[in-house]
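Worksheet: one structure, shown below.
Just so you know, these numbers come straight off a predicted model, no measurement behind them. Atom set for the values below is all heavy atoms of this structure, side chains included, hydrogens, waters and symmetry mates excluded. Both ligands and their constituent atoms are indexed starting at 1 by order of listing.
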Amino acid sequence: MNTETDSSVLNSEARSSWDTDVLIVGSGAAGLRAALAASESADVTLITKTTLKESNTLYAQGGIAVAMNVDDTIDLHVEDTCSAGCGLCDIGAVETMVSEGIPRVTELLDWGANFDWEGTLPRFTQEAAHSRRRIVHKGDATGRETTDVLVQRVLNTERIRVLSDAFAIDLLTDAELAQEKDGTTCYGVTTIVADELVCLYAKATILATGGLGRLYPCTSNPEVATGDGFAAAWRAGCEMIDMEFVQFHPTTLYLDGAPSFLISEAVRGEGGRLINIRGERFMEKYHEKGELAPRDVVSRAIQNEMYLTGFPCVYLDVTHKSADFIQERFPTISDTTKHYGLDINIDLIPVRPGAHFMMGGIRTNTDTETNLKGLYACGEVACTGVHGANRLASNSLLECLVFGVRAGNNAASYATSQTSEPPPKILIPSPQEKTSGLDENLISATKDAIRETLWENVGIERDGEGLEQTLNDLEEIGAVTGLSHSLPTYLQTTDVALCETLNMLNVAWIITQAALARTESRGGHYRADFPDQDDVDWLRRIIMSRDNDPEIVEL
Ligand code: SIN
């Protein structure tokens, strides 16, 4: 692909008006909730890569952690979150999330979320590293219930315009014009809609594009999760933080012919046992909390058991639970596995770890502001510091609801405070020919090659040699295909798969660089060559940005 700036420009005409006040990119819980909040005072356009419901949120099984149980307190939830985060959480951000989480969940219930109840309270379940039963849920389909409620409200809100099948490529910024000005401003995004490159101008933009599990071959994430928002933000000059911290969920389904599918931690929370191919229950060997040890510990333990037994998975056993309990509590898991010929009432569930959640992301404050004016970020693509080095189970939907509202409110108030001047003229290079010589097979092979090297060297365990190897691999993968991790400000293509590939290359490089810089082990980042947590030198965070070397900052 030719990445030189083309002399022809798509956007050469000055615009006399904005397309919207607030543009929201992404339709998971964070994007939907942001849209609802912003629409109270501004006109909103919400764009989404495929359909309105497709996102990581839809597949969330466990639930929403919230300190509403009779024996629970905000302080306890804050404490559990910070302890899972291994010393790197931003306590102010955690307090915001946990305390504002209560009205956010209450409101969701008021809007009709049909979560499971016991008497006058939601039925709270247990998950790893929580000191209380505090997860509200709808069977094992909490994400679907949450999505349904929010989508319905969005569709019923007049001030929200929804654009599906709109792939956001890049942020429109005045970086080129802004040399002497005070920082860069974001004015919307470039998108691919129906094979055409379209510029959407917005007074304020919110990135809520979700995660990046599809950078790895084994993942709980749906196909859309290729890290597009991280890459676009990076290219536009956003600061990224904590990018070395990828969470691997211990249990994704490993079954011939079945897609990689999450087997919720709640299954272990409700008494599910992990056993290896020899029938041995093994978690007690690794951690006093057994199956409910932190996710990184369970994932490494499973990987070790797979290595020791030479078998490609371990098993989760719930056969001791009653059939009624399983059907009521885990209908999605039970029905999905049944579809592939596995009856979890009598069969063991084959599982292994998979990429699940990105703790790091676009650096924001608790008001969801980024270092670009007019650009806000929330949900998984953002990093407020609430998760530190490892996310506590079921805190992600909570984060989406709380910071979605904050992003929506703040973006709307920024947008409505802007003068009515027309948008600045930003020159966008026209796309080159659609596929620029890369056929579908090459794109798919390139994606696989990126996934393979990340899984091998930037996965559950890393070391310096492997990380260097991946940096070389990424250079080579780029060279073979004519792509590069160092990319121009605006991608010049209208091929979505090609954009995804470039984004994956981009984000893989950022994660690997951050993982190489952190010479210790902490939370989701385990370095076999630096196996200990180093609180003397590494109670610090790593900020990466396109134009600067990684910056290591004090908490
Ligand atoms: C799960 O159900 O195990 C996932 C919940 C989460 O990631 O918080």
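- Below 3.5 Å of separation, one finds an N or O of H249 facing an N or O of ligand 1.
- Backbone and side-chain nitrogen or oxygen atoms of N395 are examined, and none is located within less than 3.5 angstrom of a nitrogen or oxygen of ligand 1.
- Annotation: D110, atom CG; neighbour count of heavy atoms from other residues, nucleotides and ligands within 6.0 Å is above 12.
- The shortest contact between atom 8 (O) of ligand 1 and any protein heavy atom is with S394 N, 2.5 Å.
- Taking CD1 of I362 as the reference point, atom CZ of F230 lies at 7.0 Å (rounded to 0.5 Å).
- For V267, the heavy-atom gap to ligand 1 stays at 4.0 angstrom or more.
- With 3.5 Å as the limit, one finds a donor-acceptor pair spanning the side chains of T125 and E270.
- With I333 as the fixed residue, the side-chain contact (heavy atoms from CB on, under 4.5 Å) test singles out one of L253, L262, I263: I263.
- Taking a cut-off of under 4.0 Å to the non-hydrogen atoms of E265, the atoms of ligand 1 that pass are 1 (C), 2 (O), 3 (O).
- Taking every non-hydrogen atom of L262 and a distance limit under 4.0 Å, the qualifying atoms of ligand 1 come out as 1 (C), 2 (O), 4 (C).
- For ligand 1, one of its N or O atoms has an N or O atom of G62 under 3.5 Å away.
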Between Q247 and N390, does the side chain to side chain donor-acceptor pair (under 3.5 Å) criterion hold? Intermediate values first, please.
CA-CA 7 Å; Q247 184 176 79; N390 213 356; 2.9 Å; yes
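- In this structure, the ring of Y216 has its center less than 6.0 angstrom from the ring center of F248.
- Among T368, L398, T364, D367, the one residue that satisfies the side-chain contact (heavy atoms from CB on, under 4.5 Å) test with F403 is T368.
- For the pair Q247 and ligand 1, the shortest N or O to N or O distance does not fall below 3.5 Å.
- Checked against the 6.0 Å centroid criterion, the rings of F357 and H387 qualify as a close aromatic pair.
- Residue, atom and distance of the protein heavy atom nearest to atom 2 (O) of ligand 1 are S264 OG, 2.7 Å.
- Under 4.0 angstrom from ligand 1, there are no non-hydrogen atoms of D140.
- Nearest protein heavy-atom neighbour of atom 6 (C) of ligand 1: R295 NH2, 3.1 Å.
- Ligand 1 has no N or O atom lying under 3.5 Å from any N or O atom of S396, backbone or side chain.
- For ligand 1, the atoms lying closer than 4.0 Å to a non-hydrogen atom of A393 are 8 (O).
- Between M306 and V314 there is a side-chain heavy-atom pair separated by less than 4.5 Å.
- Numbered from 1 in the order shown, with element, the atoms of ligand 1 that lie under 4.0 Å from a heavy atom of H356 read 4 (C), 6 (C), 7 (O).
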